[in-house]
Amino acid sequence: MLILRRYLESCGCEPDLVELIRLIARQMETIRKAFLENQTFERTLNPSGELQTQMDTWADEHLIKVVGNSGLVRELASEEQPDIIRFDNSRTDYCMVMDPLDGSSLISTNLAVGTIVGIYEGGGVLQPGSKLRAAFYTLFGPLTVLVVSVGKGVQSFAWDQENEHYLLLRTCISIPEGKQYGTGGLKMEWPPEHIKVIDYFDQNGFKIRYSGSFVADCHQLLTYGGIYTYPGSTKNPEGKLRLLFEAIPLGFIITQAGGRITDGKRNILEIVPEKQHQTTPLYIGSKGIIEKIEEIYSSS
């Protein structure tokens, strides 16, 4: 069975990129083992003003240490850090963005959470998603699943603990035109355009699927299609989800699987980030549904 390293090599990835992706991917078993002793919340807020869990802090510190010691990353931006981190010992031009533990508020309920990573080559971390060299995420569910794209489609791998390899699970993943949706935010604060979008879903027989974990809700799209959305609001028109750590890496993966990502008016992968913790409204999922959403926005 095809393993992660051989897949990356077959795509023509340079050895340092293969090493970096494998290095981060292999930390997921260590992170998973740490869940048992890190179940509570800290008394601190992350740079986005959200209460941190112990696992947020633990995973963030662990990955920063591993990446920093590797010599494979020049610049790193983490959702849990206020500033961009630079590593003077790097022998490469790779720059990395990460959400160390997306959906961490669900840890106490034992629902699926994950780690999101994007890798750029040169130019720093404040680049549009169209410039990504690679993006991947790990989902901690019944299996530890790694979903990866190096710009040549999307593949998923499952961690085989016995052999200590990521084994190919699904290849050439393509998002179908499904009829499911999940939406975040308070209904009373939804903008008029988003209300019209939801009305369209309800009138056309869409089903609701929403877990509260962005990475888990996007993972569903690869099997069922449909969309996930967290719109802007009347109080916060710039939305809640982070452009750099969440929207761009997952948008890159979904687009590589034949889907799309938009803020309602433009392709999010074309946005040049202006600051590390910038947020954005988003709709992500099946191409045809996204086109309909943009039609609704343009006519509103």
Side-chain angles (χ1 to χ4, degrees), residues 20-21 23-25 27-28 30-32 34-35 38 41-42 44-68 73 75-85 94-107 111-120 125-127 129 132-141 144-149 184 211-221 228 230 239-254 261 268-269 271 273 275-282 284:
L20 177 56
I21 294 173
L23 174 67
I24 299 167
Q27 304 313 307
M28 298 305 115
T30 303
I31 290 173
R32 183 159 198 154
F35 281 117
N38 295 274
F41 283 88
E42 301 277 16
T44 55
L45 301 177
N46 68 13
S48 297
E50 298 171 334
L51 190 65
Q52 292 176 306
T53 67
Q54 285 183 329
M55 273 306 302
D56 280 319
T57 303
W58 194 97
D60 184 54
E61 292 175 350
H62 176 74
L63 289 173
I64 290 173
K65 180 180 178 180
V66 169
V67 169
V73 172
E75 192 169 283
L76 169 68
S78 168
E79 183 178 324
E80 303 303 325
Q81 295 293 322
D83 301 307
I84 295 169
I85 301 170
Y94 292 126
C95 301
M96 176 175 151
V97 298
M98 70 174 184
D99 184 345
L101 206 62
D102 184 77
S104 57
S105 62
L106 299 178
I107 289 173
L111 293 178
V113 299
T115 297
I116 306 171
V117 174
I119 298 172
Y120 294 95
V125 296
L126 297 180
Q127 298 188 59
L132 275 171
R133 183 66 180 83
F136 55 95
Y137 65 83
T138 301
L139 189 68
F140 300 104
T144 299
V145 174
L146 177 77
V147 177
V148 61
S149 177
S211 73
S213 167
F214 180 48
V215 66
D217 287 322
C218 283
H219 189 70
Q220 291 187 92
L221 300 174
Y228 172 84
Y230 207 114
K240 176 184 178 182
L241 295 182
R242 269 64 62 175
L243 176 65
L244 206 59
F245 314 116
E246 297 169 313
I248 284 178
L250 288 181
F252 181 83
I253 291 170
I254 293 298
I261 184 169
I268 284 177
L269 297 184
I271 298 174
K275 54 186 178 180
Q276 182 180 352
H277 293 282
Q278 185 173 338
T279 59
T280 181
L282 67 78
I284 183 170

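Residues satisfying the side chain to side chain donor-acceptor pair (under 3.5 Å) criterion with Q220, sequence neighbours excluded, are D217. Residues meeting the side-chain contact (heavy atoms from CB on, under 4.5 Å) test with A25, sequence neighbours left out: L4, L146, Y166. Applying the side-chain contact (heavy atoms from CB on, under 4.5 Å) criterion to L23, with sequence neighbours excluded, gives Q27, V66, S70, L72. Listed by chain and number, the residues in a ring pair (Phe, Tyr, Trp, His ring centres under 6.0 Å) with F136 amount to none (sequence neighbours excluded). Checked against ring pair (Phe, Tyr, Trp, His ring centres under 6.0 Å), F245 has the following partners two or more places apart in sequence or in another chain: H277. Partners of F252 according to the ring pair (Phe, Tyr, Trp, His ring centres under 6.0 Å) rule, which considers only residues two or more places apart in sequence or in another chain, do not exist here.
The closest donor-acceptor contact from the side chain of E75 to the backbone of V125 lies under 3.5 Å. Between the T280 side chain and the L282 main chain, no donor and acceptor come within less than 3.5 Å of each other. With hydrogens and angles ignored, the 3.5 Å screen pairs no side-chain donor or acceptor of Y137 with any backbone N or O of V215.
Counting only heavy atoms from C-beta outward, the side chains of D99 and P249 never approach each other to under 4.5 Å. When side chains are defined from C-beta on, V67 does not count as touching Y94, because their heavy atoms never get closer than 4.5 Å. Contact annotation: the side chain of M98 approaches that of D60 to within less than 4.5 Å [non-hydrogen atoms, C-beta and beyond]. Side chains of I64 and Q81 form a contact here, defined as non-hydrogen atoms less than 4.5 Å apart. For the pair S211 and L111, the minimum side-chain heavy-atom distance is 4.5 Å or more.
Rounded to the nearest 0.5 angstrom, T30 OG1 and H62 NE2 are separated by 4.5 Å. Within the model, atoms NE2 of H219 and OG1 of T138 stand 10.5 Å from one another, a figure rounded to the nearest 0.5 Å. In this structure, CD1 in I248 is found 7.0 Å from CG in L132, a value given to the nearest 0.5 Å. If you take CG on L126 and OH on Y120, they are separated by 8.5 Å, rounding to the nearest 0.5 Å. The distance from atom CG of L63 to atom OG1 of T115, rounded to the nearest 0.5 Å, is 6.5 Å. From D83, atom CG reaches atom CG of L76 across 12.0 Å, with rounding to the nearest 0.5 Å.
Nearest heavy-atom pair, L244 versus P273, reported as atom, atom and distance to 0.1 Å: CD1-CG, 3.8 Å. Across all non-hydrogen atoms, the minimal contact from G239 to T279 is O-OG1, 3.3 Å. When every heavy atom of P281 is checked against every heavy atom of I268, the shortest pair comes out as O-CD1, 3.5 Å. In plain terms, the two heavy atoms of I31 and A59 that are nearest each other are CD1-CB, 4.2 Å. Between D102 and S213, the shortest heavy-atom contact is OD2-OG, 3.8 Å.
Ring planes of Y228 and F214: tilted class, angle from 30 to 60°.
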Task: Verdict with reasoning, F35 to V113, per side chain to side chain contact (heavy atoms under 4.5 Å, CB included) - done: CA-CA 11 Å; F35 281 117; V113 299; 3.8 Å; yes
TODO: Just do the side chain to side chain contact (heavy atoms under 4.5 Å, CB included) check on I116 and E79 with the steps written out, would you?
DONE: CA-CA 10 Å; I116 306 171; E79 183 178 324; over 6 Å; no
